[in-house]
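Working notes, beginning with the structure itself.
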2 protein chains.
Amino acid sequence: MLPQFNSAFSIDCVIFGFDAGELKILLIERNEEPFKDWWALPGNIVGENESLDQSASRILHELTGLGDIYMEQYYTFGDVARHPQGRVLSVAYYALIRLGGDKALKPISNYAKQAYWVNIKELPRLAFDHQQIFDKGLEKIKRRIKHQPIAFELLPEKFTLTQLQNIYELISDKKLDKRNFRKKMLSFGVLKDLDEKQKGVSFRAATLYRFDKRKYAKLFGKEISF
Amino acid sequence: MLPQFNSAFSIDCVIFGFDAGELKILLIERNEEPFKDWWALPGNIVGENESLDQSASRILHELTGLGDIYMEQYYTFGDVARHPQGRVLSVAYYALIRLGGDKALKPISNYAKQAYWVNIKELPRLAFDHQQIFDKGLEKIKRRIKHQPIAFELLPEKFTLTQLQNIYELISDKKLDKRNFRKKMLSFGVLKDLDEKQKGVSFRAATLYRFDKRKYAKLFGKEISF
DNA sequence: ACAAAAGTGTTTGATCTACACCCATGC
DNA sequence: GCATGGGTGTAGATCAAACACTTTTGT
């Protein structure tokens with residue numbers, strides 16, 4: 001009864017990173033048909049013995065060498081003609097990763113020539129329906145950042161309040177008031193002041209903070225509005 | 001390259017209805033293996049030339065005779081062993097429908113013996129991973145009701161403020177203050193007072209309202225917090 | 001000394017919460 | 001006339017928004 005026609009399912013990932021004050025996503029240059037040489041979101045066909053979450057983690061790991069990353073499934077794209085070679089459902093995930101330091105991207109596996117971080121405001125034309133997948137992913141994190149502490153996933157462990165505000169501004173696409181932002185953020189009590197200053201900057205060094213997951217966990221249930 | 005193993009995808013629907021002061025979902029009694037005679041969410045394998053949204057609407061229409069219903073995809077379940085006969089991804093949708101009047105359920109198609117409305121607090125054991133699918137669906141509408149006007153989808157066109165409050169209480173699972181609730185709801189300006197009273201009740205008749213979609217549409221972009 | 005970003009409070013208006021009684025109707 | 005739900009206002013607390021100057025540091 002089961003498979004009545006040829007079909008498959010794939011995962012596509014929108015992997016956000018914060019670097020040099022810009023919000024970027026990871027794109028690959030495809031090395032296979034269809035859409036050979038096009039830019040695309042990292043993605044892959046799901047393996048026979050792989051759950052969706054596993055498959056998403058694998059793709060991310062293969063491209064970045066990173067594991068234990070915040071990823072979330074957010075939508076499934078299933079238009080009949082979205083893939084030229086057959087019926088392929090795509091389950092979309094987003095991830096938020098720390099680009100701090102100099103974690104190089106891994107030299108890429110078979111399905112991509114190379115991977116690059118691209119500013120979300122300067123995306124090239126994308127393969128398949130990947131523009132649509134990206135759009136919906138961005139929309140999701142815009143909503144989610146208001147109620148969940150996802151901004152911290154994009155920052156190094158130690159960060160300044162200005163960096164944090166920067167991320168909120170980039171994702172929500174509005175300017176925020178510095179004083180009000182700090183007051184509110186600190187009022188939640190989930191930022192730990194590290195008694196430590198930024199180094200290597202040519203101006204007054206800012207205080208470093210860490211996101212305190214334990215304290216956040218204790219708030220669970222209480223709706224937070226960042 | 002495409003289909004490397006036998007797989008298929010299905011849709012499962014959590015169809016919420018509000019009836020006699022209770023929040024219910026539609027369950028079917030399965031008439032096919034696997035899980036023959038078990039209770040399950042309405043669902044079906046997606047057809048070859050059917051998009052996911054189309055498939056979800058079709059399932060709902062076949063069971064209830066209703067069309068033009070608010071449905072939304074909310075999650076895709078893809079554990080390797082979730083279906084005993086092979087690899088079957090399930091894309092889950094929820095719908096909110098007006099049970100008002102006496103729309104009977106259609107006598108059921110092949111895959112179900114019968115369909116029933118079941119109070120969400122008294123669900124039987126469900127087939128497959130349907131309990132998990134339901135749980136996530138309920139969680140979704142709990143969140144969504146705070147920001148989107150989905151409660152109105154469950155009510156007849158003309159409704160009283162008490163009925164509306166009732167739905168908020170059932171979904172969010174808390175008691176609300178009557179005065180505060182009314183003040184807030186009316187303050188959005190999306191309820192139209194119909195200058196008309198409830199009929200056939202054995203106590204003071206309540207004013208009927210209608211949800212004004214046009215006015216709501218004009219608020220678009222502004223975040224509402226119901 | 002200047003450039004660059006860090007850091008810091010107060011006022012005003014809006015919104016949220018808690019709370020209790022009289023009203024209209026059908027029986 | 002009584003039972004049932006309909007309908008209404010206020011005070012206090014909390015939260016959100018607007019707004020500008022001084023401090024620190026490196027060059």
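Because only heavy atoms are used, hydrogens play no part in the values below, and waters and symmetry mates are left out as well, while side chains stay in. Sequence lines set the chain letters: A, B, ... in the order given, protein chains first and strands last, and positions in each chain run from 1.
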Distance flag, aromatic centroids of [Y] and [X], threshold under 6.0 Å:
X: Y75(A); Y: F77(A); answer: yes
X: W39(A); Y: Y116(A); answer: yes
X: F211(B); Y: F159(B); answer: no

Atom [atom1] of [X] and atom [atom2] of [N]: how far apart are they, to the nearest Å?
X: F203(A); N: dA5(C); atom1: CZ; atom2: C1'; value: 5 Å
X: I224(A); N: dA16(D); atom1: CD1; atom2: P; value: 12 Å
X: L176(A); N: dA18(D); atom1: CG; atom2: P; value: 11 Å
X: L161(A); N: dA6(C); atom1: CG; atom2: C1'; value: 10 Å
X: Q165(A); N: dG7(C); atom1: CD; atom2: P; value: 12 Å
X: K175(B); N: dA18(C); atom1: NZ; atom2: C1'; value: 16 Å
X: F188(A); N: dC15(D); atom1: CZ; atom2: C1'; value: 11 Å
X: K183(B); N: dC16(C); atom1: NZ; atom2: C1'; value: 8 Å

With a 3.5 Å cut-off and heavy atoms only, can you find an N or O donor on one side and an acceptor on the other between the side chain of [X] and the base of [N]?
X: K197(B); N: dT25(C); value: no
X: R204(B); N: dA24(C); value: no
X: K178(A); N: dA6(C); value: yes

When K184(B) and D177(B) are each assigned the nearest nucleotide of DNA chain C, the 5'-most assignment goes to K184(B)
The answer to which of A205(A) and N180(A) contacts DNA chain C further toward the 5' end, by nearest nucleotide, is A205(A)
With a 4.0 Å limit, can you tell me whether [X] has a side-chain N or O closer than that to the phosphate oxygens OP1/OP2 of [N]?
X: R182(B); N: dG7(D); value: yes
X: T207(B); N: dG7(D); value: yes
X: T162(A); N: dA6(C); value: yes

S202(B) has its side chain closest, among dG26(C), dA18(C), dT25(D), to dG26(C)
Against the side chain of R179(A), the closest entry in dT27(D), dA20(D), dA24(C) is dA20(D)
| request: Classify the angle between the aromatic ring planes of Y94(B) and F16(B) as parallel (below 30°), tilted (30 to 60°) or perpendicular (above 60°). | output: perpendicular
Only one of Q198(A), E196(A), Q163(A) passes side chain to side chain donor-acceptor pair (under 3.5 Å) with K158(A), and that residue is E196(A)
